[in-house]
Every structure is written in structure tokens, then in C-alpha cells.
Amino acid sequence: MKNLNGQVAVVTGGAGGLGEAICIGLAQAGCAVVVGYNRSEGPARALVDRLPPAGLPHAALKCPVTDAASLAALAAEVDKRYGRCDVLVNCAGTTRYVPHGDLDALDDALIDQILATNVRGPFAAVRALRPLLDRSRAAGGAGVVVNISSIAAVTAMGSNVMYCASKAAVDNMTRSLARALAPAIRVLSVSPGLADTEFVKSMDPAWRDEQARRTPLQRLAAPEEVAAAVVAAAGALSFTTGAVIPVDGGRPLA
Ligand SMILES: NC(=O)c1ccc[n+]([C@@H]2O[C@H](COP(=O)([O-])OP(=O)(O)OC[C@H]3O[C@@H](n4cnc5c(N)ncnc54)[C@H](OP(=O)(O)O)[C@@H]3O)[C@@H](O)[C@H]2O)c1
């Protein structure tokens, strides 16, 4: 269903495991997609070539979310190429596994990297693209920000203590920004449980099976299911803002 026909979406971390599925989902819904990359320029360009065609051309653009000057340059380039941005998906994120009890291993450098990427990054992307998003609604567009959070925000179970805290901060920021940017811009979180990405597929199968077993729906999320929630948040859920949409098979219930 092309419910976002003719609109322009920017996806940070667009060449990653979930980012790729989200870019494909938005293109299938009719968006021209800007695949934002940091280090993965080659995969981002290759993805652009594979995306289903929309009315406007897709693009791969550099988008390091910890660098405000680069985000300003990205916004200027999106304005020059398209004259609009209707959907911003903040999907870029980082983490590293650290047992929650090992406080010394979660050093300040890792903490700063996680918070700068996962919390300051989405805020800075919204700040940079706000003028374009502000114009979207008046032009009949979605005018929406979708932050990719994690169920770790709720369960406090995840790759490390600060990763969980960073995703709780994202959900809180979703609510603040939804209030502050209304009525022009809607802001939502999509909050996946463990997803079946290539990275997760490379993990210990016994651990993965255990995660699936502890999930009421008895499996991990497919990246396409996360993408479907993003497309719904951007399109069909037009009277929803400040909400956190779980895509977790009921994991926190078990
Ligand atoms: N996979 C899961 O099970 C799961 C579950 C819940 C939530 N999430 C969240 O979903 C999002 C995507 O995760 P994923 O599984 O797709 O991970 P991934 O494959 O490792 O992708 C991470 C993406 O973030 C980008 N990135 C990292 N640091 C960046 C920076 N400083 N500036 C710009 N981009 C940066 C990377 O871009 P480059 O490669 O170009 O450097 C990459 O595209 C993350 O926010 C993650 O926390 C994932």
C-alpha cells in the first residue's frame, strides 16, 4: 500500500541490519529514501540500487549523528535535492556487550560513545532537520520522527547498563519532543525486542533460542516486522504522537 507516495524519508543508520529493512519498507510505501550512513558508504550505495523505485530518486548520504556540522550539511543537501523531508527515522545506534555487574568494564569512553550516538544523536538529527519537517505537514506530508528505541528501555536487560539507559532516554525524549514539536511534527518510538538480523544470527544459537523461548510469541522479531511498525507510525497512525510502539512478541510479559 503506497500510503507515503511522493514523500521523502531520511533514515540514519540506514545500511544497518534494521535500517536496511526500514529503508525497503519506506520505499515500498512510496517514499524516496535517503540512506544515511556513517562508515558503511558502500553498503548504503548498494542498498540504494536495490530499493524499489519511488517517484523521486533514492540517495545515500553521509550522516554521522555525533557531528552537528555534518548533520547541518545533510539537511542542506536534502533541501537542495528534494526541497522537503517528511519522515526522519533515527535508527543509528551503538553498543558493546558488557556484563551488567562488571562496572569497571563499562568505562567512560564507552559510556560517552553510547550516549553521544544513541541519545544526543537522535536529538541532533531532529534539531538539524526540524525546519524541513516543519514544512512537511503544510505540504500534505507526514511530518514525523520515528526513534528506534529498544525493549531494553523497559526490561533493563540488554547489552550493557548504559545501552538500556540510553534507550529509556530515547523513549523519554520521544514524549518531550512530541509535546514540544506538535502540531507540526509527530514523534514516536518503535521499540523492538531482539531482532533476527545478521549480527544476531552470528551469536550463540543456544542463547538466541533461549531469548525466543522466553518470548510469549516464541521467536525473535523479523526486521521486516520492525519496518512495518515504522511505516505504520509514519503513515497510518496519523493521530498518534508521543507513543512507544513495542515490536517484541510480548517479551516484557514473561
Ligand atoms: N538488532 C536488534 O535486535 C535491536 C533490538 C532493539 C533495538 N535495536 C536498535 O535498532 C537500531 C539499529 O540496530 P541494528 O541491529 O540494525 O544494528 P547495526 O546493524 O549494528 O546498525 C547500526 C547502525 O548505526 C549506525 N551508526 C553507528 N554509529 C553511528 C554514528 N556515530 N553516526 C551515524 N550512524 C551510526 C551504523 O552506521 P555505519 O555502519 O554506516 O557506521 C549502522 O548502520 C539501533 O538503534 C539499535 O539499538 C536493535
Side-chain angles (χ1 to χ4, degrees), residues 10-25 33-48 60-71 73-74 88-97 109-110 112-125 128 145-160 162-171 173-174 189-203 207-208 211-212 215 219-227 229-230 244-249 251-252:
V10 173
V11 182
T12 75
L18 291 184
E20 174 178 324
I22 290 167
C23 289
I24 292 169
V33 177
V34 174
V35 181
Y37 62 86
N38 185 33
R39 288 174 300 190
S40 301
E41 178 174 0
R45 293 196 183 284
L47 175 58
V48 163
L61 293 178
K62 178 100 175 152
C63 179
V65 298
T66 53
D67 179 357
S70 295
L71 288 173
L74 170 83
L88 167 62
V89 183
N90 280 311
C91 187
T94 195
T95 192
R96 193 204 311 151
Y97 178 72
L110 181 56
D112 289 351
Q113 187 198 351
I114 289 170
L115 294 180
T117 307
N118 296 6
V119 183
R120 198 183 81 204
F123 180 85
V145 175
V146 183
N147 294 320
I148 305 302
S149 162
S150 166
I151 208 63
V154 176
T155 60
M157 291 185 286
S159 45
N160 65 60
M162 203 52 60
Y163 175 78
C164 299
S166 76
K167 293 302 187 179
V170 167
D171 285 346
M173 193 164 63
T174 288
S189 282
V190 164
S191 181
L194 193 65
D196 215 357
T197 57
E198 288 307 315
F199 174 68
V200 172
K201 281 190 178 106
S202 72
M203 291 173 167
W207 179 82
R208 264 190 0 246
Q211 301 312 310
T215 301
R219 60 179 177 82
L220 306 185
E224 294 74 20
E225 291 174 308
V226 178
V230 171
V244 178
I245 301 168
V247 186
D248 61 11
R251 180 69 176 84

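Computed from a predicted model, the values in this text were never measured in an experiment. For ligands, and for the atoms within them, numbers begin at 1 and follow the listed sequence.
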For [atom], which of the options [options] provides the nearest non-hydrogen atom?
atom: atom 10 (O) of ligand 1; options: L18, T94, V11; result: L18
atom: atom 5 (C) of ligand 1; options: S150, P223, G193; result: G193
atom: atom 12 (C) of ligand 1; options: C91, G14, A125; result: C91
atom: atom 26 (N) of ligand 1; options: A92, S159, A195; result: A92
atom: atom 31 (N) of ligand 1; options: V247, N38, T12; result: N38

Donor-acceptor contact below 3.5 Å, side chain [X] vs main chain [Y]:
X: K167; Y: V154; result: no
X: K62; Y: Y37; result: no
X: S150; Y: S191; result: no
X: N147; Y: S149; result: no
X: N90; Y: V145; result: no

Separation of [Y] [atom2] from [X] [atom1] (nearest 0.5 Å):
X: L115; Y: R120; atom1: CG; atom2: CZ; result: 10.0 Å
X: Q113; Y: M162; atom1: CD; atom2: CE; result: 13.0 Å
X: T197; Y: M203; atom1: OG1; atom2: CE; result: 7.5 Å

Checklist entry - Shortest non-hydrogen contact from N118 to S166? => result ND2-OG, 3.2 Å
Checklist entry - Which pair of heavy atoms, one from A152 and one from G158, lies closest together, and at what distance? => result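 The pair with the smallest heavy-atom distance is CB-CA, 4.4 Å.
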Using a 4.0 Å cut-off to any heavy atom of [X], which atoms of ligand 1 qualify?
X: Y37; result: 40 (O)
X: P64; result: 32 (N), 33 (C)
X: C63; result: 32 (N), 33 (C)
X: L194; result: 3 (O)

Checklist entry - Is a side-chain donor-acceptor pair under 3.5 Å present for T215 with D248? => result no
Checklist entry - Regarding S189 and T174, is there a side-chain donor-to-acceptor distance under 3.5 Å anywhere? => result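 Indeed, the side chains of S189 and T174 share at least one donor-acceptor pair under 3.5 Å.
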Check [X] against ligand 1 and report side chain, backbone, both or neither, counting heavy atoms closer than 4.0 Å.
X: S191; value: neither
X: F199; value: neither
X: K167; value: side chain
X: S149; value: backbone

Checklist entry - How about I24 and L47: do any of their side-chain heavy atoms sit closer than 4.5 Å? => result yes
Item to check | Minimum side-chain heavy-atom gap P192-L18 below 4.5 Å | outcome: yes
Identify the protein heavy atom lying closest to [atom], giving its residue, its atom name and the separation to 0.1 Å.
atom: atom 32 (N) of ligand 1; answer: V65 N, 2.9 Å
atom: atom 24 (O) of ligand 1; answer: G93 N, 3.2 Å
atom: atom 41 (O) of ligand 1; answer: R39 N, 2.9 Å
atom: atom 21 (O) of ligand 1; answer: G16 CA, 3.6 Å
atom: atom 19 (O) of ligand 1; answer: G17 N, 2.9 Å
atom: atom 6 (C) of ligand 1; answer: P192 O, 3.4 Å
atom: atom 36 (C) of ligand 1; answer: G13 CA, 4.4 Å
atom: atom 8 (N) of ligand 1; answer: Y163 OH, 3.7 Å

Checklist entry - So is E198 close enough to ligand 1, meaning a heavy atom under 4.0 angstrom away? => result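 No, E198 has no heavy atom closer than 4.0 Å to ligand 1.
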Checklist entry - Protein heavy atom under 4.0 angstrom of atom 17 (O) of ligand 1, is there one? => result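 It does not; no protein heavy atom is within 4.0 Å.
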Checklist entry - So, for atom 45 (O) of ligand 1, does the protein have a heavy atom nearer than 4.0 Å? => result yes
